[in-house]
Amino acid sequence: VAEQIEFSARLRNKAGTSHASINAITQDVLNAMQIDHVQNSIVGSVEQRGISGGQRKRVNIGLELAAQPSVLFLDEPTSGLDSTSSLSVAASLKRMGSLGMSSIMVIHQPRYSLFTLIDDVLLLGKGGQTVFLGPATCVKEYFESLGFTMPEFENPADWFMDVISGEVANQEIPDFRPDMLFDMWEKRVSDCLSRQPTLTTEGGREVNDSDDLAILAHTLSEEWHRIDTNGDGVVSSDELHRLLANCSNVKPDAEVVSELMERMAGTDAKSVTKKQFTEYLCSLRGDVARDANSSERMMGLRSSSSSLTESDSEVGVDGVDPELGDNGQFPAGLAAAQPRIRSMVTAPLDPLRGLKRDTPGHFEQCRILALRRLVQWWRMNTQRALFLAALALGAVVLAVLDAFMLSTPRWSCMALLNLHTALALLLAIFCLQVFGGDQPMFWRESASGISVPAYFFARLSVNNFDIIVQSFVFTSVYFLIRQPGVPFWVFFLPFLFTAFVASGWGYLVSTLLPPKHGPFVVSLIVFIVCGLLGNPSSLAEFLNGGAVEFVVSMLSITRWSIAMNFVQADDILQPHPENMNDKYMLEVNKDVFSRRDFGIGVWWTAGICLLAMGVVLRIASFLGLRFMHRDKQV
């Protein structure tokens with residue numbers, strides 16, 4: 001979580017912003033959005049469970065806050081969240097408003113406590129025409145002045161929607177229709193303009209203690225379920241220790257955990273229930289904590305002060321913890337009891353600053369994005385190890401078949417075809433995740449002004465290491481078992497060219513198609529460009545000039561990579577097969593692979609052609625990344 005916000009701050013703030021300022025912005029955003037207790041957690045995805053949905057929404061908002069905007073536009077930021085999580089998001093935005101940032105958002109079916117946090121609300125009827133524009137706290141009064149009566153115990157926000165859609169009868173207008181609301185509002189505006197204008201400062205209400213308490217209880221409940229995995233409703237001392245560490249982002253001492261367990265559940269308690277845990281920590285917001293041993297003991301946060309006070313000797317009368325000194329930090333395990341926004345340490349947002357901002361240039365963005373990709377790359381070690389194991393297993397199977405079961409000649413082009421095709425297929429599939437795995441994140445960042453070339457080259461640079469390592473593992477395992485009789489680097493280099501071109505196909509497909517279609521499409525492409533067009537037994541018919549030879553030479557990987565391996569094996573091994581079929585195939589291969597060397601030799605011709613293929617595919621991938629899905633990047 002913290003890394004996502006930090007990298008957003010690095011990329012979108014003014015060029016040359018100091019590292020200390022970036023760290024300060026990151027901490028401010030974490031505190032303002034009340035996600036500091038999960039800053040070291042993985043955000044998560046469909047495959048990997050991470051933080052909750054409400055926390056993920058606040059991380060998304062935090063990514064924009066890291067750019068220190070003056071105005072923030074949000075499209076349904078509470079959709080898919082429960083009422084308490086929605087209230088938490090709205091409360092965070094309300095606090096940011098007090099720091100000089102305006103938030104404009106579309107919202108559906110809010111609870112009334114959330115609705116009243118909004119300063120000004122625009123209600124639209126059918127066709128997008130205005131029904132009301134003004135303070136949220138005045139909507140009910142306005143509709144009642146038109147003759148509508150709200151039933152008792154009705155959610156006002158839902159009732160407003162019913163009025164606009166014509167589901168509520170009007171006591172004064174028997175034949176009321178929803179479109180009449182438009183004329184009523186225009187008449188009200190005209191009447192107001194005809195009078196002496198007055199300046200009103202009325203807006204939404206402020207976030208109160210009840211809102212904070214509801215948000216706190218919801219947050220504690222979420223953290224509880226992360227620890228209580230068996231769902232028995234109780235946690236032991238060790239589980240309570242981890243739970244408090246998650247809530248406060250600080251590992252408490254064993255004595256603190258023991259003391260808190262005693263206060264929550266009573267003397268000699270071995271476990272704590274969810275009710276005891278949430279009620280005790282929520283009570284810390286009051287004047288007296290719900291201590292299981294003594295209702296007289298004070299261990300709470302004064303609502304009017306940010307200092308922590310207790311009746312015992314742990315905290316002095318000046319509200320400073322003597323163990324922690326004057327740094328203003330809460331005791332270990334209690335930071336979750338105060339999710340309010342902490343004081344901002346950066347300069348306040350200035351709405352008059354220029355709209356044009358000199359963000360980091362292409363090279364600096366490339367460096368930052370490469371660093372971010374390296375962090376992601378390191379966390380993929382498990383998947384990478386599994387993929388390398390699959391590559392090694394494939395090489396072992398092919399080597400055993402060629403060396404011991406089929407007794408294939410070491411210069412055999414069909415054996416080389418199987419090897420190059422297998423490596424191309426596996427690497428093309430692996431490279432689909434480079435641009436296909438984070439498409440929504442890329443669309444969002446490119447719409448925010450992130451350099452597409454910087455993003456492209458940063459990802460390619462990091463992935464090049466994987467391409468080299470995977471090619472080396474596959475080739476070396478086969479080489480050790482098969483012993484082809486040529487120097488390793490001579491044997492390895494054609495496979496590296498194959499990997500270079502195959503990865504280009506993976507990049508291109510990932511920028512053009514949705515991720516779910518990628519594996520099928522690249523499998524089909526590799527089958528065609530390696531297995532069909534580059535099959536040594538068919539090349540004699542393909543390489544007879546004309547359009548077919550041009551297509552094969554431009555698209556087929558194995559038409560060139562196998563030629564590199566074969567000419568070196570033929571030159572070094574000087575094979576003299578006794579089998580008539582092997583003699584025939586040897587002569588056919590010599591004839592086929594000696595064609596079109598352009599006077600510089602087969603080795604150099606094939607290497608240049610494969611290098612050109614890989615470069616062209618990467619250029620096409622960049623163009624696909626830059627110009628495809630433009631509607632999703634705006």
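Heads up: numbering here begins at 1 and tracks the sequence.
- Taking every heavy atom of both residues into account, Val38 and Val1 meet most closely at O-CG2, 3.3 Å.
- With a 4.5 Å cut-off on side-chain heavy atoms, Val551 and Phe542 do not count as touching.
- At a threshold of 4.5 Å between non-hydrogen side-chain atoms, the residues Thr605 and Trp560 count as touching.
- Here the shortest heavy-atom pairing between Val477 and Ala392 reads CG1-O, 3.8 Å.
- Side-chain atoms of Gln376 and Arg373 include a donor-acceptor pair closer than 3.5 Å.
- Counting heavy atoms from C-beta outward, Leu74 and Leu93 have side chains that approach closer than 4.5 Å.
- Note that CG of Leu30 and CG of Asp36 are 6.5 Å apart. Values are rounded to the nearest 0.5 Å.
- With contacts defined as side-chain heavy-atom distances shorter than 4.5 Å, the pair Arg482/Thr408 qualifies.
- Residue pairs meeting the ring-ring contact (aromatic ring centres under 6.0 Å, His included) criterion with at least one partner in residues 396-421, sequence neighbours excluded, are His420-Phe495.
- The closest side-chain heavy-atom distance from Gln439 to Pro515 is below 4.5 Å.
- Going from atom CD1 of Ile450 over to atom CZ of Phe7 covers 12.0 Å, rounded to the nearest 0.5 Å.
- For residues 460-471, the set of pairs meeting the salt bridge (Lys or Arg N to Asp or Glu O under 4.0 Å) definition, not counting sequence neighbours, comprises Arg384-Asp466.
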request  = Decide side-chain contact (heavy atoms from CB on, under 4.5 Å) for Ile61 and Leu72; before the verdict, give the C-alpha distance in whole Å, the side-chain angles of both, and the deciding distance to 0.1 Å.
outcome  = CA-CA 9 Å; Ile61 297 173; Leu72 184 63; 3.9 Å; yes
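- Between Arg58 atom CZ and Leu63 atom CG the span is 13.5 Å, to the nearest 0.5 Å.
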Give the table of side-chain donor-acceptor pairs shorter than 3.5 Å for residues 518-536, with sequence neighbours excluded, one pair per line with atom names and distance.
unit_1: Ser523; atom_1: OG; unit_2: Pro519; atom_2: O; d: 2.7
unit_1: Asn535; atom_1: OD1; unit_2: Ser537; atom_2: N; d: 3.0
unit_1: Asn535; atom_1: OD1; unit_2: Ser537; atom_2: OG; d: 2.7

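- Partners of Asn23 by side chain to side chain donor-acceptor pair (under 3.5 Å), not counting sequence neighbours, listed by chain and number: His19.
- Scored by the salt bridge (Lys or Arg N to Asp or Glu O under 4.0 Å) test, Glu549 finds Arg596 as partners (sequence neighbours excluded).
- To the nearest 0.5 Å, atoms CZ (Phe492) and OG (Ser476) are separated by 8.5 Å.
- Contact of the Gln433 side chain with the Met380 side chain is registered, since non-hydrogen atoms from C-beta on lie closer than 4.5 Å.
- Contacts of Phe435 classified as ring pair (Phe, Tyr, Trp, His ring centres under 6.0 Å), with partners at least two apart in sequence or in another chain: Phe456, Tyr507.
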Show which side-chain atoms of residues 608-620 pair as donor or acceptor with protein atoms under 3.5 Å away, not counting sequence neighbours.
unit_1: Arg618; atom_1: NH1; unit_2: Phe500; atom_2: O; d: 2.8
unit_1: Arg618; atom_1: NH1; unit_2: Gly614; atom_2: O; d: 3.2
unit_1: Arg618; atom_1: NH2; unit_2: Phe500; atom_2: O; d: 3.2
unit_1: Arg618; atom_1: NH2; unit_2: Ser503; atom_2: OG; d: 2.7

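- With salt bridges taken as basic N to acidic carboxylate O contacts below 4.0 Å, one links Asp438 and Arg459.
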ask   = Would Val434 and Ser510 count as a side-chain contact (heavy atoms from CB on, under 4.5 Å) if you check the C-alpha gap in whole Å, the side-chain angles of each, and the deciding distance to 0.1 Å?
value = CA-CA 8 Å; Val434 176; Ser510 67; 5.7 Å; no
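- When the side chain to side chain donor-acceptor pair (under 3.5 Å) test is applied to Glu64, the partners found at least two apart in sequence or on another chain are Arg12, Arg444.
- Sparse packing is recorded around CZ of Phe457, with 12 or fewer heavy atoms of other residues, nucleotides or ligands lying under 6.0 Å away.
- Note that the CG atom of Leu460 and the OH atom of Tyr455 stand 11.0 Å from one another [nearest 0.5 Å].
- Between Leu369 and Leu11, the closest side-chain pair of non-hydrogen atoms falls below 4.5 Å.
- Contact check for Leu423 versus Leu419: no side-chain heavy atoms found under the 4.5 Å cut-off.
- Within the structure, the ring-ring contact (aromatic ring centres under 6.0 Å, His included) test picks out the following pairs touching residues 362-385 (sequence neighbours left out): Trp377-Phe465.
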ask   = side-chain contact (heavy atoms from CB on, under 4.5 Å) between Phe497 and Ser561: does it pass, once the steps are laid out?
value = CA-CA 7 Å; Phe497 278 116; Ser561 61; 5.7 Å; no
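- Residues forming a salt bridge (Lys or Arg N to Asp or Glu O under 4.0 Å) with Glu76 (at least two apart in sequence, or on another chain): none.
- Considering every non-hydrogen atom in both Ala66 and Asn13, the closest pair reads O-ND2, 2.7 Å.
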request  = List the steps, then state whether side-chain contact (heavy atoms from CB on, under 4.5 Å) holds for Leu416 with Met564.
outcome  = CA-CA 10 Å; Leu416 292 172; Met564 295 181 72; over 6 Å; no
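- Taking CD1 of Ile22 as the reference point, atom OG of Ser8 lies at 9.5 Å (rounded to 0.5 Å).
- Put simply, the side chain of Gln68 never gets that close to the backbone of Leu65: no donor and acceptor are under 3.5 Å apart.
- Here the shortest heavy-atom pairing between Ala422 and Phe474 reads CB-CZ, 4.3 Å.
- Of all heavy-atom pairs between Ala395 and Tyr478, the closest is O-CD1, 3.8 Å.
- With sequence neighbours excluded, no residue forms a salt bridge (Lys or Arg N to Asp or Glu O under 4.0 Å) with Arg559.
- Closest heavy-atom contact between Gln365 and Ser451: OE1-N, 2.8 Å.
- Without hydrogens or angle criteria, Thr511 side chain to Leu508 main chain gives a donor-acceptor distance under 3.5 Å.
- For Arg410, the salt bridge (Lys or Arg N to Asp or Glu O under 4.0 Å) test picks out no residue, with sequence neighbours left out.
- Taking the six-membered ring where the residue is Trp, the centroids of Phe479 and Phe472 are separated by 6.0 Å or more.
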